[in-house]
Amino acid sequence: MQLVSSEAIVLDVFDLHEVDRIVTLLTPEHGRIKGVAKGARRKYSRFAGQLQTLAKVDATWFVKGDRELVRLSGLELKRSAEKLSNDLDALLVGGYLADHMLEFVQENEESRHFYRLLDSAVEALLGGLDPRLVARYFEVWTLRLAGIFPVPLECPQCGRRFSEVGAGLPRGEYALLCRACHHSAPDEEVSQEVLAFLLLTRYRRMDELANEAPERRVLAGVEALCALIRRAFLQRELKSYRVLEQALGGT
């Protein structure tokens, strides 16, 4: 039996039997880790108050053989996420962020870039940054890190720059094409303002983009584009996005 320790962010918690809980963590070195927190539902459990979704913790767990579930031995809270519960937008977007990590991050694989992305996004939400901007930046970078986000510079078929000829996303595809290379009407026309935002995400932090004050229509265009790419890749939509649509009309 091997003892492992790592900083982690709590992605998901649900009850198991009468007194235990199943906890999914995101770690930089080990990707997603799913483990059992024995006795976590008891009143005086050592896990009490620490199993908050999106909380940052120092985690320790035991690994035994090739078992899918590890056994959590301890969690020490480093950054609470309780403040998110005071803001409905931030709370729902937080769940949306966690859902991305549950879907796109592999178990037991190094995931430092994903970890840093989620850590900075949660920090931005807790700091009061616009949840819509956080969600757009986060989903662009999640798809980029997953290797499925189109480079918003030039058409991969003819090489012409999108800034000169415009761009669109063909139905069911991940790559942007210029208007001349579309063989049919694109599923989503991509405006120059959206292209400019996508380029900025490659070089600017979230708080720096907030200073640019992107218009709501631009963020809506980024949201629509990311949703189409995500659905084409997953062949379905994230449940948390459906919740956002129903509760907030999207973000």
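Note that these values count all heavy atoms, side chains included, but never hydrogens, waters or copies made by symmetry.
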Q) Atom CG of Leu92 and atom OH of Tyr241: how far apart are they, to the nearest 0.5 Å? A) 13.0 Å

Q. Can you tell me how far the CG atom of Leu125 sits from the CG atom of Asp87, to the nearest 0.5 Å?
A. 8.5 Å

Q: In sequence, state the C-alpha distance, the side-chain angles, and the governing distance for Glu208 and Arg205, and then conclude on salt bridge (charged side-chain N to carboxylate O under 4.0 Å, His left out).
A: CA-CA 5 Å; Glu208 294 174 332; Arg205 300 191 310 267; 3.4 Å; yes

Q. Can Asp119 and Arg79 be counted as an ion pair, charged N to O under 4.0 angstrom?
A. yes

(Q) Starting from Leu238, can I reach Leu145 by hopping between I/L/V/M/F/W/Y residues whose side chains sit under 4.5 Å apart? (A) yes

Q) Applying the 4.5 Å side-chain criterion to the ILVMFWY set and letting contacts propagate, would Leu102 and Phe233 be lumped into a single cluster? A) yes

For [X], is the [atom1] atom crowded, meaning more than 12 foreign heavy atoms sit under 6.0 Å from it?
X	atom1	value
Glu76	CD	no
Glu107	CD	yes
Arg242	CZ	yes

Can you find a heavy atom in the side chain of [X] that is under 4.5 Å from one in the side chain of [Y]?
X	Y	value
Arg230	Glu103	no
Leu11	Arg32	yes
Ser163	Leu195	no
Met206	Glu123	no

Q: Among Ile, Leu, Val, Met, Phe, Trp and Tyr joined by side-chain contacts under 4.5 Å, find the other residues sharing a cluster with Val36 and list them by chain and number.
A: Phe14, Leu16, Ile22, Leu69

Q: Please lay out, stage by stage, how Leu234 and Phe104 fare under the test side chain to side chain contact (heavy atoms under 4.5 Å, CB included).
A: CA-CA 10 Å; Leu234 297 176; Phe104 285 96; 4.2 Å; yes

Scan the side chains in residues 1-9 for donor-acceptor partners under 3.5 Å anywhere in the protein, sequence neighbours excluded, and list what turns up.
residue : atom : partner : partner atom : Å
Ser5    : OG   : Thr60   : OG1          : 3.3
Ser6    : OG   : Glu29   : OE1          : 2.7
Glu7    : OE1  : Tyr115  : OH           : 2.9
Glu7    : OE2  : Lys78   : NZ           : 2.6

Q: Would you check, one step at a time, whether the test side chain to side chain contact (heavy atoms under 4.5 Å, CB included) holds for Arg231 with Leu228?
A: CA-CA 5 Å; Arg231 285 197 293 269; Leu228 285 170; 3.6 Å; yes

**Q.** Residues Val151, Arg202; criterion side chain to side chain contact (heavy atoms under 4.5 Å, CB included); working and verdict
**A.** CA-CA 10 Å; Val151 179; Arg202 301 176 74 187; 4.2 Å; yes

Q.
Does the plane of the ring in His100 sit parallel, tilted or perpendicular to the ring in Tyr96? Use 30° and 60° as the thresholds.
A. perpendicular

